[in-house]
2 protein chains.
Amino acid sequence: MKKKERSSSSLTTAKRAFVKAAGSAIKVPFKEIKLTTGEKVLLYDTSGPYLDGDPAVIPPVRKKWIASRKAARPTQMHFAKKGIVTEEMRFAAVREGVEPEFLRKEVAAGRAIIPANINHPEAEPMVIGGKFLVKINANIGSSALVLDEKNELRKMKTAVRAGADTVMDLSTGGDLRKIRESILRASPVPVGTVPMYEAFERAERSVLKLSWELYRDVLIEQAEQGVDYFTIHAGILRAHLPKALKRKAGIVSRGGSIMASWMCAHNRENFLYANWDEILDILSRYDAAVSIGDGLRPGCIADANDAAQFAELRTLGGLTKLAWKNDVQVMIEGPGHVPLNLIEENMVLEKKLCHGAPFYTLGPLVTDIGAGRDHITSAIGGALIAGFGASMICYVTPREHLGLPTLRDVEEGIYTHKLAAHAADLARGNRMALKWDEAMADARASMRWHDQFALSLEPELSLRTFAESGGVADEKEPYCTMCGPDYCAMRISKKLKEKGPGKRQISKPRNNRPS
Amino acid sequence: MKKKERSSSSLTTAKRAFVKAAGSAIKVPFKEIKLTTGEKVLLYDTSGPYLDGDPAVIPPVRKKWIASRKAARPTQMHFAKKGIVTEEMRFAAVREGVEPEFLRKEVAAGRAIIPANINHPEAEPMVIGGKFLVKINANIGSSALVLDEKNELRKMKTAVRAGADTVMDLSTGGDLRKIRESILRASPVPVGTVPMYEAFERAERSVLKLSWELYRDVLIEQAEQGVDYFTIHAGILRAHLPKALKRKAGIVSRGGSIMASWMCAHNRENFLYANWDEILDILSRYDAAVSIGDGLRPGCIADANDAAQFAELRTLGGLTKLAWKNDVQVMIEGPGHVPLNLIEENMVLEKKLCHGAPFYTLGPLVTDIGAGRDHITSAIGGALIAGFGASMICYVTPREHLGLPTLRDVEEGIYTHKLAAHAADLARGNRMALKWDEAMADARASMRWHDQFALSLEPELSLRTFAESGGVADEKEPYCTMCGPDYCAMRISKKLKEKGPGKRQISKPRNNRPS
């Protein structure tokens, strides 16, 4: 079944095609679809070498570029501020169909980031920002309950094949370093982590044993390994806790709750906040980006947009300015559970309080009652906030609130959020996105079934569903399987188009009715 | 598997409970959930006698009420305008948790309708309007390709069990009258149809043989049978066709395309438009509501909000006024395929041009590339337009664009759109909806797993997913299965709440960081 889905023998096969970046040797991969009309459509693609294979090792595309540079703070923001267009910027610009200089300016201003640790040369450069295609992240990772190292690597490959733009390894069980290494070396997309989890493991899951020194060692080791961005909960402060604990759902962020109990146990300020300068110094040496965590994101509709959430957001704004001063690339993490009518305020405030840094949201989930189907409640909120300007949405799977995602859940979560992200791209007027839908509309209007399958987000799924429904793609006179031949609106409409509505049809109606 | 899903043995069982309407003998059914705290939660429920059984016949709840009335035009709008609060209004008011008088005023003003054909006494009264809970419709029906009469009855029962507020029988194959009869007699929710389909069948699927006289006979027979609302494509005019045929996707409405080719073939104006008065006279005698069809709804993103669509919408506004003059209850049908950024304009224009008549939309679908998963692209658009004020959204199933829905597709489509409708209810500040989410948030914060399952939209699904993930609901110290015991934010947060954040935690941070 799964196998069948992977195969595309019965489909207009999509292959990897490369586009050269003007005035350089850089070649950027796209997913090329050849239509039955002969026309070729190029789609943004993140699956790297996995689009048409499963290589044991993947090429370190960035190796030479990184080696060729000398800088104490080799961050993309550092080069962007100096007016230097890096190979990563050129590569990402071709992917997005924009000018490299435009992209450089966005990175220099902090409105976009290119997560690209100098020790993760395998990652194909990509940009996260409000003026580019909306990205989606897939969370994977083991826990004490679900522990299968090989399975996490499988999840990563499944994720990038399905279209994940970045992957976060949130493992908390097993040999964390080993799991992370296997994922990093095989991942063509940027990889993020939450260092607090490994630090907490080393502290034997006791906040009493947890310390800054211990956390710092973990951060350095993971940066050295090549992690492209870190979620760091530096914005949750002691002063926020009374507000947070008055809430209906309290604190629902793992990192946030660990830090909260550390602060209470030691009666000291958040050590990530207190040591922000040193953290930035570490990150800048590897060009690891920071995704400043929202430890106080609302965990239910009733807590949305409350004082605790926005107090933390204000703090994140201050931390962002310090990061930029150190040329560290920044994303801001966002909610959470938020009703439709309060979503826009989140985007507006984030932009204002965090000075335009990219917003990276979890959903938001637009209701609390969707357990078992929260990939949908999240896609609704995600589409909306991305339409308002969010740069990346973290997927939520059908297992949210209930357990850790299986391979199938990972696919479900990604495809669902790809649709949400694409819907936002259309709303934002992205030209690449609009062209994709136009190609599909043309294929539909002229009833080119094979092209409709090839152009849909999930070709195998749409072909299989059509076939199950008794559809015949190669009819002489094709029609839509929903209505049958004689009720096919598309066919009737096509015929009318061909012979035209008739000369006299535009004459005045005979009777005078209101209109 | 499906069986297992229906059973709820392992769940806090939900049962049917009745609430008496003040000062009357009317008893209104709700779905009652008894929480482990002893507290009871009442949820809006449309499944009628099917919530806890599968009776061969269902009671004609409205029979006596209808018999007791004498009026040539026995429509709910007629009584509402006269200041009469009918039993149907009382019943629907209890369901919505509002005052009967408030509901009566909305019906009198045309801002809400109660689809309740005097010959469909089996239907439990419900109201469709912008100030009430958002409703969802499920389309079922056979075609020349998919033809199994019993299966359509099964689909109807599956639909109401899953939470459909109304059902439309769009059958175009088999013994249409027989299929419709079996659905009507067994349906506790209002049933809608598109009479054009049966008329087209009688015309042997030829627009040359199609005529007003033939259509009128079908309309009268279906009204006599008890159909609660009719989709009538009276707003697509000859003057609209040149605009429509210039589009990328042309005309994608079945009824619209049939009428368009009729107008071209006969070179005459839309006979539904030309005979609107007689149509209204027929409907008013049965209190069948009209859902004025949007034959020119956009079939792709590129056609959204175009001149053809809005020209027709303006026509619908004129037809609405005439209907109200005849005390006929009206809904306006809406798109279609619309990008996120153009959805609000649809709602604003419908309200303005159609004088506040309830808006009943298909989706809208927010992208064209979702084939195989269009229940999600539709739920995103549906949540948004309902948040802006739409009264009912028509579900879309995963098989949209590819074939006719199976029983499983029907469930998928309904649950997905129930989440969208509920998200909109929350955004609209509906008190019943907010209370539901609050109950869930409380259950989550105190980790009452059994209550979380019982309160989720799909109890069986959430319980099964939890169990599959190795979750244990009866732990002494419960924790979330996503993170495992030591990483459970909810548990940590709960403990902090209990012992409090500590006395000195609100003292100033030791170091001065920006915040």
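Of the two parts of B:I492, only the side chain, counted from C-beta on, holds a non-hydrogen atom closer than 4.5 Å to a non-hydrogen atom of chain A. Residue A:A443: no heavy atom, backbone or side chain, is found under 4.5 Å from chain B. Residue B:E201 touches chain A through both its backbone and its side chain, counting heavy-atom pairs closer than 4.5 Å. Only the side chain of A:R205 has a heavy atom closer than 4.5 Å to any heavy atom of chain B. When heavy atoms are compared at a cutoff of 4.5 Å, B:A467 does not approach chain A at all. In this structure, no portion of B:R428 lies under 4.5 Å from any heavy atom of chain A.
For the set B:N341, B:D368, B:D409, the count of heavy-atom pairs under 4.5 angstrom toward chain A peaks at B:D368. Heavy-atom pairs under 4.5 Å with chain A were tallied for B:S253, B:P339, B:A423; the largest tally goes to B:A423. With chain A as the partner, the residue from B:G317, B:G370, B:S206, B:S261 showing the most heavy-atom pairs under 4.5 Å is B:S261. When A:K248, A:R247, A:M440 are compared by the number of non-hydrogen pairs under 4.5 Å with chain B, A:K248 comes out ahead. Of the residues considered (B:L455, B:D442, B:T406, B:I258), B:D442 shows the highest number of contacts with chain A, using heavy-atom pairs under 4.5 Å. Per-residue counts of heavy-atom pairs under 4.5 Å with chain A were compared for B:G372, B:S257, B:A445, B:A424; the largest is that of B:S257. Ranked by heavy-atom pairs under 4.5 Å with chain B, the first of A:A427, A:G387, A:G235 is A:A427. Residue with the most contacts toward chain A among B:R373, B:E468, B:H375, B:K418: B:R373 (heavy-atom pairs, distance under 4.5 Å).
The shortest non-hydrogen separation linking A:A420 to B:I380 is CA-CD1, 4.0 Å. Contact between A:L402 and B:F453 at its shortest, heavy atoms only, is CD2-CE2, 4.3 Å. When all heavy atoms are compared, the tightest approach of B:S493 to A:G250 is OG-CA, 3.6 Å.
Within the 4.5 Å cutoff, the side chain of B:T465 has no heavy atoms near those of the A:P398 side chain. Between B:Q452 and A:H401, every side-chain heavy-atom pair lies at or beyond the 4.5 Å cut-off. The closest side-chain heavy-atom distance from A:R444 to B:C300 is not below 4.5 Å. Side chains of A:I369 and B:H422 form a contact here, defined as non-hydrogen atoms less than 4.5 Å apart. Between A:F388 and B:L340, every side-chain heavy-atom pair lies at or beyond the 4.5 Å cut-off. The side-chain heavy atoms of A:I376 and B:I376, taken from C-beta on, include a pair separated by under 4.5 Å. Within the 4.5 Å cutoff, the side chain of B:L426 has no heavy atoms near those of the A:V366 side chain.
Of the inter-residue distances, the one linking B:L245 atom CG with A:E498 atom CD reads 11.0 Å to the nearest 0.5 angstrom. To the nearest 0.5 Å, the span separating OG on B:S469 from CZ on A:R399 amounts to 4.0 Å.
Screening B:D437, B:L457, B:D425 for a side-chain contact (heavy atoms from CB on, under 4.5 Å) involving A:T367 leaves a single residue, B:D437.
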